[in-house]
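Following: one structure in C-alpha cells, then a few remarks.
Because the structure is predicted, anything quoted here is derived from the model rather than measured. For the numbers below, each heavy atom of this structure counts, side chains included, while hydrogens, waters and symmetry mates do not.
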Amino acid sequence: MAYQSLRLEYLQIPPVSRAYTTACVLTTAAVHIFCDKFPNLAVGQDEQVKGTFNPGIAVGHIYFFLEDVFPNQPGGIRILKTPSILKAIFDTPDEDPNYNPLPEERPGGFAWGEGQRLGG
C-alpha cells in the first residue's frame, strides 16, 4: 500500500523534475555501490592514467595557454577573439556617469543618499 502511494506521488512530479530527481538518486546510489571506481570513470581519469588521449584535457590546456599565458608574455598577442555576437549578448553596457534617475525609478521613491549626517 505504501509503495503504491509513493509511486503515485512520484508520477505526479513534472517530467523534468522527475528526470532530475531520478538521475540524482541513481548517481548517489551508484557512487555508494561502486565506491572509488565510479568517480574515476565519470571524470575519465582511468583513461588518462592508462595513457590514452583525452581531448578535453588537451583542449582546456591549450585554451588556458592561448588566453591567459601567451598574451602576457613579452611580445605576446591575444590570438583568441571573442565573437562579437557573444559580446553583444553578454556584455553589459557602459554606465553613464551623468545619468540621474527619475524619482519613481529610485528604490522606494525616495532621494537616498541626499540627507545630512547625524550629529552634524
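Distance CG/Leu66 to CD1/Ile79: 5.0 Å, rounded to 0.5 Å.
Closest approach of Asn72 to Asp68, counting heavy atoms only: ND2-O, 2.7 Å. When all heavy atoms are compared, the tightest approach of Phe70 to Ile77 is CD2-O, 3.3 Å.
Under the salt bridge (charged side-chain N to carboxylate O under 4.0 Å, His left out) criterion, Arg78 pairs with Glu67, not counting sequence neighbours.
A single hydrophobic cluster is seen to contain both Ile62 and Val69, as judged by linkage of ILVMFWY side chains at heavy-atom distances under 4.5 Å, directly or through other members. Val25 and Tyr10 are not part of a single hydrophobic cluster, where members link through side-chain heavy atoms under 4.5 Å apart. When hydrophobic clusters are built by joining Ile, Leu, Val, Met, Phe, Trp and Tyr residues whose side-chain heavy atoms come closer than 4.5 Å, directly or via intermediates, Ile85 is grouped together with Phe90.
Residue Leu86 qualifies as enclosed at atom CG: its count of foreign heavy atoms under 6.0 Å is above 12. Atom CD of Gln73 has more than 12 neighbouring heavy atoms from other residues, nucleotides or ligands inside a 6.0 Å radius.
Contact check for Leu11 versus Ile13: no side-chain heavy atoms found under the 4.5 Å cut-off.
In this structure a side-chain-to-backbone donor-acceptor pair under 3.5 Å is present from Thr28 to Cys24.
The salt bridge (Lys or Arg N to Asp or Glu O under 4.0 Å) pairs that include a residue from residues 85-94 number zero, where partners must be two or more places apart or lie in different chains.
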